[in-house]
Amino acid sequence: MLFDVHAHYDDERFDEDRDILLSSMHENNVGHIINIGCDIASSEASICLAEKYPFMYAAVGFHPHEAANVKDGDYDTLIALSKHSKVVAIGEIGLDYYYGKDIMDIQKKVFREQIELAKSVNLPFQVHNRDSTRDCLMILKEANMGDRCGMMHCFSESKETAREMLNLGMKISIGGIVTFKNNVKTVEVVKYVPIEDLMIETDSPYLAPVPYRGKRNSSIYVHAVAEKIAELKGMDTDEVIAITEKNAMEFYRID
Ligand code: NI
């Protein structure tokens, strides 16, 4: 079944129909969803969703947009949350120089600290990277991690960057942008990266794939990402779904 490795169901855009929508996942062939934390409140909300729905899991962490809001004691809280049986990752963590140019140094510090936190609790992490590839690669290199370390969420960089990420042991997650018209870069990345290193995601409620572009995204639409990858790699969609599911189950240690 489809495994959506990155979604935000605590977002207010799901307030009206969250339960109805999530209850329809199984019939839409969505077998697993990881809900992502952006601060302490959304990390706790992710755990609540994971407790309510057997097919949901949680990631806990500070999004780079929130880097300046990390307070004393927040990492202790994150460590405590990470012990929950349904927390499978630290995230989303990383860098965003598109929005956060004024807090670059704080972002780098908080990114480094959360990588160390992930190591200390032995969980993989999910990385957000926007207009910050050089620093992102530098920090990941410094961190000197093993094979099962992190996943680049909604990868939108070049094939060359993908190669460097793979060399560092990172996995690549593909979102709806691969279906967007004229997205040559991500098409090249999908053709280049071995299927064993790929996962699929929606980043719901954002970035709905074609033909749902502009709508509120949901994990149901992740099938469009699997179909596009199948087309680009000359594989069956069912095969792409099965392999990306297996990749995510192993990476996030889900039975
Ligand atoms: Ni996200």
Side-chain angles (χ1 to χ4, degrees), residues 2-15 18 21-22 25 30 32-50 56-70 78 81-82 86-100 107 110-111 114-115 118 123-133 136 140 150-157 165 170-180 186 198-209 212-222 224-225 244 248 251-252:
L2 291 155
F3 195 137
D4 180 1
V5 296
H6 190 111
H8 301 273
Y9 283 103
D10 52 301
D11 191 282
E12 60 183 15
R13 289 171 72 186
F14 293 110
D15 282 354
R18 184 177 293 107
L21 181 64
L22 290 173
M25 288 301 161
V30 178
H32 324 265
I33 299 168
I34 303 177
N35 204 79
I36 307 299
C38 295
D39 55 16
I40 296 293
S42 60
S43 296
E44 287 171 344
S46 297
I47 292 176
C48 283
L49 285 165
M56 289 188 85
Y57 300 86
V60 299
F62 282 94
H63 191 289
H65 294 171
E66 302 294 332
N69 300 326
V70 177
L78 273 191
L81 294 176
S82 75
K86 294 205 79 181
V87 172
V88 296
I90 300 300
E92 54 186 295
I93 67 177
L95 303 172
D96 191 323
Y97 295 170
Y98 184 81
Y99 286 112
Q107 286 192 41
V110 170
F111 185 25
Q114 291 190 100
I115 290 174
L123 285 175
F125 51 86
Q126 289 203 5
V127 177
H128 170 108
N129 165 39
R130 188 162 184 197
D131 291 356
S132 48
T133 298
C136 194
L140 290 171
M151 182 202 90
M152 297 308 296
H153 124 72
C154 201
F155 192 80
S156 56
E157 301 305 317
M165 290 294 177
M170 300 291 290
K171 303 293 178 191
I172 305 286
S173 174
I174 301 294
I177 58 165
V178 72
T179 65
F180 294 0
T186 311
L198 285 180
M199 299 186 216
I200 55 176
E201 67 168 80
T202 56
D203 203 13
S204 297
Y206 313 104
L207 291 171
Y212 315 102
R213 193 170 180 183
K215 286 190 179 185
R216 181 188 71 176
N217 204 358
S218 94
S219 302
I220 295 170
Y221 301 156
V222 78
V225 177
T244 51
F251 188 73
Y252 293 108

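In listed order, ligands and their atoms are each counted from 1. As a basis for the values below, the full set of heavy atoms in this structure was taken, side chains included, without hydrogen atoms, waters or symmetry mates.
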Checking side chain to side chain contact (heavy atoms under 4.5 Å, CB included) against Leu78, which of Val60, Val87, Asp39 comes through?
Val60
Would you say His6 reaches the Ni ion (ligand 1) with an N/O/S atom under 2.8 Å?
yes
Would you say the side-chain atoms of Asp10 and Asn35 include a donor-acceptor pair closer than 3.5 Å?
yes
Please give the atom name: the N, O or S atom of Asp203 nearest to the Ni ion (ligand 1).
OD1
Output the distance between atom NE2 (His6) and atom CD1 (Ile34), rounded to the nearest 0.5 Å.
10.0 Å
Which angle, to the nearest 10 degrees, do you find at the Ni ion (ligand 1) between OE2 in Glu92 and NE2 in His8?
90°
Under 30°, 30 to 60°, or over 60°: which ring-plane class applies to His65 and His128, parallel, tilted or perpendicular?
perpendicular
